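What follows is a short report on a single structure.
Just so it is clear, the structure is predicted and the values come from calculations on it, not from any experiment. Side chains are part of it too, since the values below use all heavy atoms of this structure and drop only hydrogens, waters and symmetry mates.
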Amino acid sequence: MKVSIITSCFNRASTIRDTIESVLSQDYADIEYIVVDGASTDGTLEIINEYADRINRIISEKDNGMYDGINKGIKAATGDIVGLLHSDDIFYATDTISRIVYEMKRTSADYLYANGIFVLPTDLHYVVRNWKSGDYSKSKIWHGWLPLHTTVYVKKDIFENSGYYNEQYKIAADTDWQLTCLYSQSLKVTYLDEYVIRMRMGGASTSFKMSVRKWKEDYKAYRSHKLWGIIGVSFKIMHKIPQFFGGSFERTCKRLKLIVCF
């Protein structure tokens with residue numbers, strides 16, 4: 001199975017090399033790597049071009065934001081499976097893609113998700129947040145649960161059948177897209193209980209200011225899928241609390257004396 005990995009970036013000269021080398025170091029042979037640059041001005045494209053003979057396709061042009069870039073990459077992809085690796089992130093290990101493909105084949109999954117960690121920008125081994133996604137059920141989605149988006153790998157035809165990222169959302173199109181796949185449709189979903197990614201803190205949605213903006217867009221996304229926006233967003237925020245304390249959602253809620261509705 002061919003795996004298409006897409007990196008969308010803009011002015012990421014300080015991190016893009018780590019991301020590219022993380023893909024190129026994978027031990028899985030059949031990888032198509034597509035890098036979509038939004039006409040960077042800080043030297044990002046020059047770094048990307050150093051690897052031009054090892055990157056399958058480089059697109060560099062002005063875009064309308066992150067999801068426009070991602071959609072361009074997905075539409076250009078020719079793989080059986082599509083996954084994203086953002087320009088601040090790296091794979092957890094050199095055999096990550098091999099393990100993902102093995103599990104998708106074993107389970108005949110349409111949609112696979114896994115675990116990830118958030119690390120310091122200057123120390124990729126210092127864990128700040130530990131995101132263990134946990135098992136999937138539609139009832140959990142009603143309570144604000146969604147897997148870590150950057151751990152998701154899907155069959156290419158999912159985009160063709162379910163649609164691409166809605167570019168009306170500037171920071172939460174992934175929430176809307178995951179709600180479409182996991183709540184509004186019936187896909188074969190598999191949870192790989194392993195770490196697949198290291199994400200630098202400080203990315204597009206990890207600052208407080210951007211988190212607030214994301215919560216507003218998340219609310220809109222939940223409402224568009226006829227879900228309770230306040231409940232969905234509130235519980236989605238609470239699901240993140242244990243990631244900083246190293247425990248389960250239920251256990252952390254008990255510590256904080258919160259009422260858990262499931």
In terms of heavy-atom contacts, S8 and S87 come closest through O-OG, 3.8 Å
I need the minimum non-hydrogen distance between S4 and G79, along with the two atoms involved. OG-N, 2.9 Å
Are any of the side-chain nitrogens in K155 or D110 under 4.0 Å away from the carboxylate oxygens of its partner? yes
Could you tell me whether D176 and K220 make a salt bridge, using a distance below 4.0 angstrom between a side-chain N and a carboxylate O? no
Full working for side-chain hydrogen bond (donor to acceptor under 3.5 Å, both in side chains) between E167 and N71: CA-CA 9 Å; E167 294 170 27; N71 282 338; 2.8 Å; yes
Less than 4.5 Å apart, side chain to side chain, heavy atoms only: is that true for [X] and [Y]?
| X | Y | result |
| --- | --- | --- |
| I5 | I97 | yes |
| P147 | L182 | yes |
| R12 | D42 | no |
| Q26 | T96 | yes |
| E194 | I100 | no |
| Y113 | Y136 | yes |

For I158 and C181, run side chain to side chain contact (heavy atoms under 4.5 Å, CB included): C-alpha distance rounded to whole Å, both residues' side-chain angles, the deciding distance at 0.1 Å, then the answer. CA-CA 8 Å; I158 297 301; C181 293; 3.9 Å; yes
Any chance you could lay out the side chain to side chain contact (heavy atoms under 4.5 Å, CB included) test for E217 and T175, step after step, and finish with the verdict? CA-CA 9 Å; E217 290 197 5; T175 296; over 6 Å; no
For the [atom1] atom of [X] and the [atom2] atom of [Y], what is their distance to the nearest 0.5 Å?
| X | Y | atom1 | atom2 | value |
| --- | --- | --- | --- | --- |
| I81 | K2 | CD1 | NZ | 12.0 Å |
| Y153 | L84 | OH | CG | 7.5 Å |
| L112 | R106 | CG | CZ | 10.0 Å |
| I58 | I48 | CD1 | CD1 | 6.5 Å |
| K75 | E160 | NZ | CD | 11.0 Å |
| L45 | D37 | CG | CG | 5.0 Å |

I'd like to know whether Y169 forms a side-chain hydrogen bond (donor to acceptor under 3.5 Å, both in side chains) with D174, so could you lay out the CA-CA distance, the side-chain angles of the two residues, the decisive distance to 0.1 Å, and finally the verdict. CA-CA 9 Å; Y169 297 97; D174 54 300; over 6 Å; no
Is R17 atom CZ crowded by more than 12 heavy atoms from other residues, nucleotides or ligands, each under 6.0 Å away? yes
Would you say that more than 12 heavy atoms from the other residues, nucleotides or ligands in this model lie under 6.0 Å from the CD of Q168, or not? no
Got a donor-acceptor contact below 3.5 angstrom from the K72 side chain to the V36 backbone? no
Using the side-chain hydrogen bond (donor to acceptor under 3.5 Å, both in side chains) rule, pick out the option among T122, D18, T15 that qualifies with R200. D18
Check the pair T190, E103 against side-chain hydrogen bond (donor to acceptor under 3.5 Å, both in side chains), reporting the backbone distance first and the verdict last. CA-CA 8 Å; T190 291; E103 192 66 9; 5.7 Å; no
Shared hydrophobic cluster, M199 / L120 (ILVMFWY, side-chain heavy atoms < 4.5 Å): yes
So Y195 and N130, side-chain hydrogen bond (donor to acceptor under 3.5 Å, both in side chains) or not? Walk me through it. CA-CA 9 Å; Y195 294 100; N130 180 1; 2.7 Å; yes
Before you tell me yes or no, could you show the steps for D63 and F10 under side chain to side chain contact (heavy atoms under 4.5 Å, CB included), namely the whole-Å CA-CA distance, both residues' side-chain angles and the distance that decides it to 0.1 Å? CA-CA 10 Å; D63 55 39; F10 177 70; over 6 Å; no
Going through the checks in order, is the side chain to side chain contact (heavy atoms under 4.5 Å, CB included) test met by T151 and Y92? CA-CA 11 Å; T151 71; Y92 190 80; over 6 Å; no
Applying side chain to side chain contact (heavy atoms under 4.5 Å, CB included) between F91 and each of L85, T19, V196, report the one that passes. L85
When the ring planes of Y165 and W177 are compared, do they come out parallel, tilted or perpendicular, using 30° and 60° as the limits? tilted
For W145 and Y191, I'd like to know if the aromatic rings sit close, meaning centre-to-centre distance below 6.0 Å. no
